[in-house]
Participant: 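Sending over a structure as structure tokens; questions will come in a sec.
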Amino acid sequence: MAMIDIEYRHSSEPPEDDNLRRQSVEEMSDYLKGLVDEMLRSDISAKLTVSEGEGPNMVFVNGKSITDILAGLDIKMLDSDDACDHGKVSIVSFGRPILEWNRGVIEDIPDVLVKNAVSKAYADVLGDRTL
């Protein structure tokens, strides 16, 4: 069994919306394949399963949905008062805020949130290991 087991379950294409980060099931699958490849290149045991099934589209990491994993995290962006660069000039960016996403459409989830969920699952696996 892989340390990080990612499963993307989908039953339909995401709604047509130009603001979605990933416009199709195929695009989301490709994104997750790239993420798993990145982990494998870093010597992290990972695998991806893409399956079609009933219910809303969702990504699971080690059996838990990404939304459930994120519900237990307090994610702070670098421009917050608690960040290590507090008081420094920040980069101005245009477009959607990084953490803004349509929670009803998993294909719209920002990369930073997916990686935070995977990091949490990885930390949980390492915490459960006995050396």
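Starting from 1, each residue takes its place in the sequence as its number.
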Participant: Kindly compute the distance separating CG (L40) from NZ (K47), expressed to the nearest 0.5 Å.
Facilitator: 12.0 Å

Participant: For the atom pair CG (N19) and CD (E100), what is the distance rounded to the nearest 0.5 Å?
Facilitator: 8.5 Å

Participant: Is D108 reaching over with its side chain to a backbone N or O of N102, donor-acceptor style, under 3.5 angstrom?
Facilitator: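 Answer holds: yes.
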
Participant: Apply ring pair (Phe, Tyr, Trp, His ring centres under 6.0 Å) to F60 and list each qualifying residue two or more places apart in sequence or on a separate chain.
Facilitator: none

Participant: Is it the case that E52 and Y8 place a side-chain donor and acceptor less than 3.5 Å from each other?
Facilitator: no

Participant: Do the non-hydrogen side-chain atoms of R9 and V50 ever get within less than 4.5 Å of each other?
Facilitator: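 Side-chain contact under 4.5 Å: no.
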
Participant: When you compare the side chain of P110 with that of R21, does any pair of heavy atoms fall below 4.5 Å?
Facilitator: yes

Participant: Report yes if some heavy atom in the side chain of I109 is under 4.5 Å from a heavy atom in the side chain of L70; otherwise report no.
Facilitator: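 When only atoms from C-beta onward are counted, L70 and I109 do touch, with a gap below 4.5 Å.
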
Participant: When rounded to the nearest 0.5 angstrom, what distance separates CE in M39 from CE in M3?
Facilitator: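 So the gap between those two atoms works out to 11.0 Å.
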
Participant: Take S65 and T67 through the test side-chain hydrogen bond (donor to acceptor under 3.5 Å, both in side chains) and record every step on the way to the result.
Facilitator: CA-CA 5 Å; S65 72; T67 53; 3.2 Å; yes

Participant: Do R22 and P14 come within less than 4.5 Å of each other through their side chains, counting heavy atoms only?
Facilitator: no

Participant: Scan for salt bridge (charged side-chain N to carboxylate O under 4.0 Å, His left out) pairs involving residues 25-42, sequence neighbours excluded, and state none if there are none.
Facilitator: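 For residues 25-42: E38-K115.
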
Participant: Quick one: does V61's side chain get under 4.5 Å of I4's, heavy atoms only?
Facilitator: yes

Participant: Identify which one of V59, D5, L32, L35 satisfies the side chain to side chain contact (heavy atoms under 4.5 Å, CB included) criterion when paired with L48.
Facilitator: L32

Participant: With the 4.5 Å side-chain cut-off for hydrophobic clustering, are L99 and Y31 part of the same group?
Facilitator: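 L99 clusters together with Y31.
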
Participant: Find the distance between CE (M58) and NZ (K64) and round it off to the nearest 0.5 Å.
Facilitator: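 Atom-to-atom, M58:CE and K64:NZ are 13.5 Å apart.
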
Participant: Can you see whether S119 engages N116 through a side-chain donor-acceptor pair at a distance of less than 3.5 angstrom?
Facilitator: no

Participant: Which heavy-atom pair separates V25 from E13 by the least distance, and what is that distance?
Facilitator: N-OE1, 3.0 Å

Participant: Quick one, V105 with N57, criterion side chain to side chain contact (heavy atoms under 4.5 Å, CB included). Give me CA distance, side-chain angles, the key distance, then yes/no.
Facilitator: CA-CA 7 Å; V105 182; N57 296 0; over 6 Å; no

Participant: Hydrophobic clusters here meaning ILVMFWY residues chained together by side-chain heavy-atom distances under 4.5 Å, can you tell me if I106 and L73 are in one?
Facilitator: yes

Participant: Do we see a donor-acceptor contact under 3.5 Å between the side chains of N62 and Y122?
Facilitator: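 The criterion, which ignores hydrogens and geometry beyond distance, is not satisfied for Y122 and N62.
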
Participant: Should the heavy atoms of other residues, nucleotides or ligands under 6.0 Å from CD of E16 be counted, would the total exceed 12?
Facilitator: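 Not buried by this count: 12 neighbours or fewer within 6.0 Å.
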
